Amino acid sequence: MSTTPLCALADVPDGGARVVDATAAGVPVVLVRRGEQVWAYANRCPHFSVPLDFEPGDVLCYRGQVLMCAHHSALFRFEDGHCIEGPCAGASLDAVEIAVDDDAWVVLNR
Ligand code: FES
């Protein structure tokens, strides 16, 4: 398996999100972080298959628990990308396989 560095863990706001260009993943990726835990999803809302951010890179998060699609306010859990509220409730974001390496970089696993 090869890995591709995406960004430093410290560059993902704790309790927030960061959108990274991940050519190797085939789509832009949104990283969400809670403490030392980080998860990655394709930046594509299952409702209308559009990016979750309205202004590029500006992904709204609440209480370090959920991120919100900027278009119709669907809420997705950090830990599994499951939509808990909104027009696509029950759907999920597409997970992207990542890890945090020994240098505290978030890397894409391919
Ligand atoms: S496009 Fe995301 S909630 Fe409608």
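Quantities reported herein were computed from a predicted structural model and do not represent experimental measurements. Note that ligands are numbered from 1 as they come in the structure, with each ligand's atoms numbered from 1 the same way.
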ask   = With a cut-off of 4.0 Å, which atoms of ligand 1 are near a heavy atom of A74?
value = 3 (S)
ask   = Do H72 and H47 have a side chain donor and acceptor closer than 3.5 Å?
value = yes
message = Let me check something: do V106 and V20 share a hydrophobic cluster, defined by ILVMFWY side-chain heavy atoms less than 4.5 Å apart, either directly or through other members?
response = yes
query = Does H71 bring an N, O or S atom to within less than 2.8 Å of atom 4 (Fe) of ligand 1?
reply = no
key: Spacing of SG belonging to C88 relative to NE2 belonging to H82, to within rounding of 0.5 Å   = 10.0 Å
inquiry  = Using heavy-atom distances only, which candidate in P46, S49, A70, C69 approaches atom 2 (Fe) of ligand 1 most closely?
reply    = C69
query = Can we say R44 and D94 salt-bridge, meaning some charged N sits less than 4.0 Å from an Asp/Glu carboxylate O?
reply = yes
inquiry  = Using a 4.0 Å cut-off to any heavy atom of V50, which atoms of ligand 1 qualify?
reply    = 1 (S)
Trace of the side chain to side chain contact (heavy atoms under 4.5 Å, CB included) decision for Q65 with F78 = CA-CA 6 Å; Q65 299 291 326; F78 273 19; 5.9 Å; no
inquiry  = If you count heavy atoms of other groups shown closer than 6.0 angstrom to CD of E85, is the number above 12?
reply    = no
N/O/S atom name from H47 that is nearest to the position of atom 4 (Fe) of ligand 1 = ND1
Protein residue, atom and distance nearest to atom 1 (S) of ligand 1, heavy-atom basis = H72 ND1, 3.5 Å
ask   = Between L52 and ligand 1, which residue portion shows a heavy-atom distance shorter than 4.0 Å: side chain, backbone, both, or neither?
value = neither
ask   = Of all the heavy atoms in P87, does at least one lie under 4.0 Å from an atom in ligand 1?
value = yes
